[in-house]
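Chain letters run A, B, ... following the sequence lines, proteins first and then strands; every chain starts at 1.
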Amino acid sequence: MESNFIKTIMEEDLKSGKVDKIVTRFPPEPSAYLHIGHARAIIMNFELADNFNGRTNLRFDDTNPSNEDKSFVDAIQRDIEWLGYKPAKILFGSDYFDESYELAVKLIRKGLAYVCDLNADEMREYRGTLTTTGKESPYRNRNIEENLDLFSRMKAGEFKDGEKTLRAKIDMTSPNMNMRDPVIYRIMHTEHQNTGNKWCIYPMYDFAHPIQDALEGITHSLCSLEYDDHRVLYDWFVEKCEMEHVPHQYEFGRLNITNTIMSKRYLKKLVEANKVNGFDDPRMPTLAGLKRRGFTKESIKEFIISTGLSRVNSTVSSEMLENSLRNDLNYKVKRSHAVIDPLKVTITNYPEDKIEWIEVPYNPQNEALGSRKIAFGRTVYIEREDFIEEKPNKKWKRLALGIEVRLMRAYFIKCNEVIKDKDGNITELLCTYDLETKSGSGFNERKPNGNIHFVEATTSKPATFNLLEPLLIDSDSKKDLFERLNPNSWVTSVGFIEKALESTKSEEKFQFIRKGYFTTDYDSSKENLIFNRTVELKSRFK
RNA sequence: UGGGCUAUGGCCAAGCGGUUAAGGCAUCGGACUUUGACUCCGAGAUCGGAAGUUCAAAUCUUCCUAGCCCAGCCA
């Protein structure tokens with residue numbers, strides 16, 4: 001990882017002796033699946049700590065049972081494991097409910113917290129606005145005994161939701177809204193995924209988080225920019241609760257990607273409205289979706305690292321993510337032949353029943369991947385887009401009427417005739433091949449007008465290709481999300497793959513030559529082959 | 001005169017008073033090529049603006065401008 005401001009801070013803290021070990025934590029709220037934006041937080045927390053031989057905890061931030069669900073904690077754990085990280089500890093905010101209750105009592109005893117009877121509307125009024133100060137709650141000066149009594153009765157369930165809150169007594173005139181007597185405990189008669197019905201009061205994030213960090217010995221508590229002005233509150237709680245260990249919060253900018261929805265709320269809406277097939281739909285920017293689509297953990301790490309870390313909310317172009325996948329897979333993966341949109345070609349001068357098997361390395365740039373044989377015969381399929389009747393210009397490096405191209409790893413073929421149906425659609429090409437031009441023969445008399453890939457008709461296997469594009473197409477507006485959806489985000493095409501791939505297994509990755517990187521989908525089987533196009537190849541054409 | 005944060009090529013991002021201002025993505029040239037892929041060469045910024053401090057400033061100061069965040073009993 002290259003230099004960034006947090007890494008610099010850690011180096012300095014280690015050097016000055018402020019800390020002797022870096023301890024970070026990743027604190028997701030289990031209220032949805034993790035997305036690529038979270039990957040920045042995960043990867044930075046783990047990599048930074050690891051860089052200094054420190055450690056990282058996973059702590060589920062489950063202080064609001066109305067949002068959270070066990071299924072999400074499981075999904076989050078799977079994703080982190082997939083990325084290859086092992087938390088030093090797996091914890092829950094709810095593990096600290098007893099301690100935080102005691103600390104709240106401590107604040108009351110110190111005269112720094114009070115039970116408030118204002119309802120939500122009243123509290124909003126009393127809070128003031130961005131430009132006007134707030135005014136003190138009439139309950140602000142209850143005596144300590146009364147506060148203690150009321151708070152224990154809140155805990156005991158004597159009051160209804162919203163009837164009372166516990167608030168920190170700070171400063172209603174502070175220009176920082178967070179300091180205007182923030183609520184630290186609210187009443188919620190809601191069952192918790194971890195603690196069941198033990199509690200009916202739950203701590204707020206601003207109170208719970210610093211305490212948990214302190215209790216856990218976190219040294220560098222990383223979060224996103226919007227918590228910047230919560231930091232004084234964070235420090236206030238650590239100080240007033242007299243925490244032995246003093247953690248520090250550092251904020252970094254969020255990562256956005258062009259054409260990508262990065263909001264939990266929207267992702268949930270897409271799933272709930274059935275606009276996608278669940279959180280792991282291959283079009284989703286969730287880690288689970290990216291995995292299914294074919295992204296590797298290595299590519300995601302490279303992307304995050306290469307994107308850096310700063311105090312700017314950045315929007316990186318999606319090409320950068322795609323590039324990281326291509327870089328990772330280029331030498332790593334088999335390169336095979338697949339025809340996604342087939343056009344039948346008959347080689348009229350090739351024997352009727354003959355099939356030739358030609359030995360071809362899987363990846364000429366990585367011999368370790370071995371080789372297989374590809375078939376050639378009288379009938380083959382090429383990509384429909386690789387043929388045009390009349391060669392439009394000298395740049396056209398594919399087939400055309402009267403033009404000769406090389407079928408990769410096989411022979412030169414020349415197109416002599418185009419067969420069309422009554423609507424004028426091309427249904428078949430009649431070509432001739434030249435025996436002398438066999439690949440590897442050293443034939444050098446003529447140059448073909450390009451090289452195109454193909455698949456032999458009788459030996460190839462039918463396959464479905466999922467051609468995935470961004471879910472979001474309309475970048476410029478603040479329009480409703482559903483109006484910005486790309487109607488072509490998932491186009492399906494039926495074509496053929498070479499025989500050697502017929503036993504491919506779920507998640508196996510390939511480069512289909514000239515067509516892009518593909519991954520065998522979870523639902524694929526030998527009888528029903530399905531591939532997801534992860535990304536296309538780069539192209540200078542067009 | 002609410003408060004906080006940010007500003008380096010199209011997009012990210014190093015840089016922390018003295019370097020020809022790293023690198024990646026994108027773009028544009030060119031070489032190579034049985035993938036219009038890969039690879040390889042080559043091209044581009046004086047650092048939001050204005051003043052100031054200094055022998056010397058992207059790096060320090062001041063003012064200005066623009067953008068983002070904050071008025072949940074969400075996180």
Side-chain angles (χ1 to χ4, degrees), chain A residues 2-5 8 27-29 31 61-64 66-68 93 116 118-120 123-125 127-134 161-167 173-180 182-188 201-202 204-206 208-209 223-232 251 253-255 258 264 302-303 305-324 326-327 330-331 335 337 360 363-365 395-398 405-410 412 439-440 448 450-453 511-516 536-542:
Chain A
E2 72 179 39
S3 168
N4 64 60
F5 76 102
T8 303
E29 184 189 24
S31 59
D61 215 331
D62 58 350
T63 54
N64 184 349
S66 62
N67 290 339
E68 298 143 11
C116 184
L118 254 25
N119 66 35
M123 200 178 290
R124 188 177 316 116
E125 267 177 50
R127 185 158 35 232
T129 71
L130 295 178
T131 52
T132 60
T133 61
D161 288 8
E163 210 174 310
K164 287 182 169 24
T165 57
L166 183 71
R167 296 225 260 164
T173 69
S174 172
N176 182 341
M177 301 294 284
N178 298 301
M179 300 301 273
R180 322 243 264 228
V183 171
I184 61 184
Y185 260 96
R186 77 288 216 184
I187 299 171
M188 263 182 151
I201 56 172
Y202 294 97
M204 299 287 288
Y205 168 88
D206 280 328
H209 209 86
C223 62
S224 49
L225 239 36
E226 66 266 32
Y227 291 99
D228 194 315
D229 41 43
H230 291 242
R231 191 175 56 241
V232 296
E251 312 83 21
R254 280 181 185 269
L255 173 67
T258 55
K264 253 189 198 181
E302 188 200 298
F303 168 70
I305 299 293
S306 70
T307 234
L309 192 67
S310 72
R311 285 180 62 87
V312 175
N313 283 319
S314 55
T315 302
V316 170
S317 97
S318 54
E319 282 125 348
M320 213 157 155
L321 211 208
E322 297 182 346
N323 183 265
S324 68
R326 295 191 194 101
N327 274 344
N330 183 29
Y331 299 119
R335 298 176 185 175
H337 289 199
V360 178
N363 185 334
Q365 296 175 344
K395 290 199 161 189
W396 180 257
K397 301 275 274 302
R398 308 179 183 186
V405 299
R406 170 162 29 219
L407 254 21
M408 287 179 69
R409 322 318 306 211
F412 288 13
S439 287
N451 303 287
I452 64 174
H453 62 102
Q511 180 194 121
F512 288 153
I513 287 179
R514 302 208 307 139
K515 300 311 294 179
E536 295 185 71
L537 255 29
K538 271 199 282 191
S539 174
R540 278 186 250 212
F541 180 58
K542 279 172 193 173

**Item:** Short side-chain donor-acceptor distance under 3.5 Å, A/R254 and A/N313
**Value:**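 No, A/R254 and A/N313 have no side-chain donor paired with an acceptor closer than 3.5 Å.
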
**Prompt:** Taking atom types as modelled and ignoring hydrogens, do the side chains of A/S66 and A/N64 form a donor-acceptor contact shorter than 3.5 angstrom?
**Reply:** yes

**Prompt:** Syn or anti for B/rG67, taking syn as within 90° of 0?
**Reply:** anti

**Message:** Run A/V316 and A/L255 through side-chain contact (heavy atoms from CB on, under 4.5 Å) and show every step you take.
**Reply:** CA-CA 7 Å; A/V316 170; A/L255 173 67; 3.6 Å; yes

**Item:** First of A/K395 and A/H209 reached from the 5' end of RNA chain B, by closest nucleotide
**Value:** A/K395

**Item:** 5'-most by nearest nucleotide on RNA chain B - A/L118 or A/R409
**Value:** A/R409

What's the closest nucleotide to the [X] side chain, out of [options]?
X: A/S314; options: B/rC12, B/rG4, B/rG36; value: B/rC12
X: A/S439; options: B/rU34, B/rA75, B/rG36; value: B/rU34
X: A/N64; options: B/rU34, B/rA7, B/rA75; value: B/rA75
X: A/T63; options: B/rG36, B/rC12, B/rA75; value: B/rA75
X: A/S539; options: B/rA75, B/rG36, B/rA7; value: B/rG36

Mind checking [X] for me? I need base, sugar-phosphate or nothing, with any heavy atom below 4.0 Å counting as a touch.
X: A/R311; value: sugar-phosphate
X: A/K515; value: nothing
X: A/R398; value: base
X: A/E322; value: nothing
X: A/G134; value: nothing
X: A/S324; value: nothing

Polar atom pairs between nucleotides 14-16 of chain B and protein, under 3.5 Å, N or O only, would you list them?
{"from": "B/rA14", "atom 1": "OP1", "to": "A/L309", "atom 2": "O", "distance (Å)": "2.9"}
{"from": "B/rA14", "atom 1": "O3'", "to": "A/S3", "atom 2": "OG", "distance (Å)": "3.4"}
{"from": "B/rG15", "atom 1": "OP1", "to": "A/S3", "atom 2": "OG", "distance (Å)": "2.4"}

Quick one: list whatever passes side-chain contact (heavy atoms from CB on, under 4.5 Å) with [X], sequence neighbours left out.
X: A/V360; answer: A/I358, A/R372, A/I374, A/R409
X: A/E2; answer: none
X: A/K538; answer: A/N323, A/R326
X: A/D228; answer: A/R231, A/E251, A/R311

Output the rounded distance in Å from [atom1] ([X]) to [atom2] ([N]).
X: A/Q511; N: B/rG36; atom1: CD; atom2: P; answer: 11 Å
X: A/K397; N: B/rG36; atom1: NZ; atom2: P; answer: 7 Å
X: A/N451; N: B/rC38; atom1: CG; atom2: C1'; answer: 15 Å
X: A/K264; N: B/rA75; atom1: NZ; atom2: C1'; answer: 7 Å
X: A/N323; N: B/rC25; atom1: CG; atom2: C1'; answer: 6 Å
X: A/R231; N: B/rG3; atom1: CZ; atom2: C1'; answer: 13 Å
X: A/I513; N: B/rA37; atom1: CD1; atom2: P; answer: 14 Å
X: A/I305; N: B/rC12; atom1: CD1; atom2: P; answer: 18 Å

**Nearest-0.5 Å distance that lies between atom CD1 in A/I305 and atom OG1 in A/T307** = 10.0 Å

**Message:** Please report the interatomic distance CG(A/L118) to CZ(A/R127), rounded to the nearest 0.5 Å.
**Reply:**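 A/L118 CG to A/R127 CZ: 10.0 Å, rounded to 0.5 Å.
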
Distance check, [atom1] atoms only: [N] and [M], in whole angstrom units.
N: B/rC63; M: B/rA71; atom1: P; answer: 28 Å
N: B/rA13; M: B/rC32; atom1: C1'; answer: 31 Å
N: B/rC47; M: B/rC60; atom1: C1'; answer: 16 Å
N: B/rU61; M: B/rA66; atom1: P; answer: 22 Å
N: B/rG3; M: B/rC64; atom1: P; answer: 12 Å

Pairing check on [N]: which nucleotide meets the Watson-Crick or G-U wobble criteria with it, both distances under 3.5 Å?
N: B/rU53; result: none
N: B/rA58; result: none
N: B/rU46; result: none
N: B/rG36; result: none
N: B/rA66; result: B/rU6
N: B/rU20; result: none

Suppose we screen for side chain to side chain donor-acceptor pair (under 3.5 Å). Which residues come up paired with [X], at least two apart in sequence or across chains?
X: A/S317; answer: A/E319
X: A/Q511; answer: A/Y517
X: A/S31; answer: A/E29, A/K264

**Item:** Heavy-atom side-chain contact between A/M408 and A/I452 under 4.5 Å
**Value:** no

**Asked** If we require ring centres under 5.5 Å and near-parallel planes under 30°, does A/Y205 stack on B/rA75?
**Response** no

Contacts under 3.5 Å, N or O only, protein and nucleotides 68-72 of chain B:
{"from": "B/rA71", "atom 1": "O2'", "to": "A/R127", "atom 2": "NE", "distance (Å)": "3.2"}
{"from": "B/rG72", "atom 1": "OP2", "to": "A/R124", "atom 2": "NE", "distance (Å)": "3.3"}
{"from": "B/rG72", "atom 1": "OP2", "to": "A/R127", "atom 2": "NH2", "distance (Å)": "2.9"}

**Prompt:** How would you list, by chain and number, every residue that makes a ring pair (Phe, Tyr, Trp, His ring centres under 6.0 Å) with A/H209, sequence neighbours excluded?
**Reply:**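 Partners of A/H209 by the ring pair (Phe, Tyr, Trp, His ring centres under 6.0 Å) criterion, ordered by chain and then number, come out as A/Y205.
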
**Request:** Return the set of residues passing ring pair (Phe, Tyr, Trp, His ring centres under 6.0 Å) with A/F412 (not counting sequence neighbours), or none when no residue passes.
**Result:**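 A/F412: ring pair (Phe, Tyr, Trp, His ring centres under 6.0 Å) contacts with A/F443.
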
Give me, pair by pair, the N or O atoms of the protein and of nucleotides 39-42 of chain B that are less than 3.5 Å apart, along with how far apart they are.
none

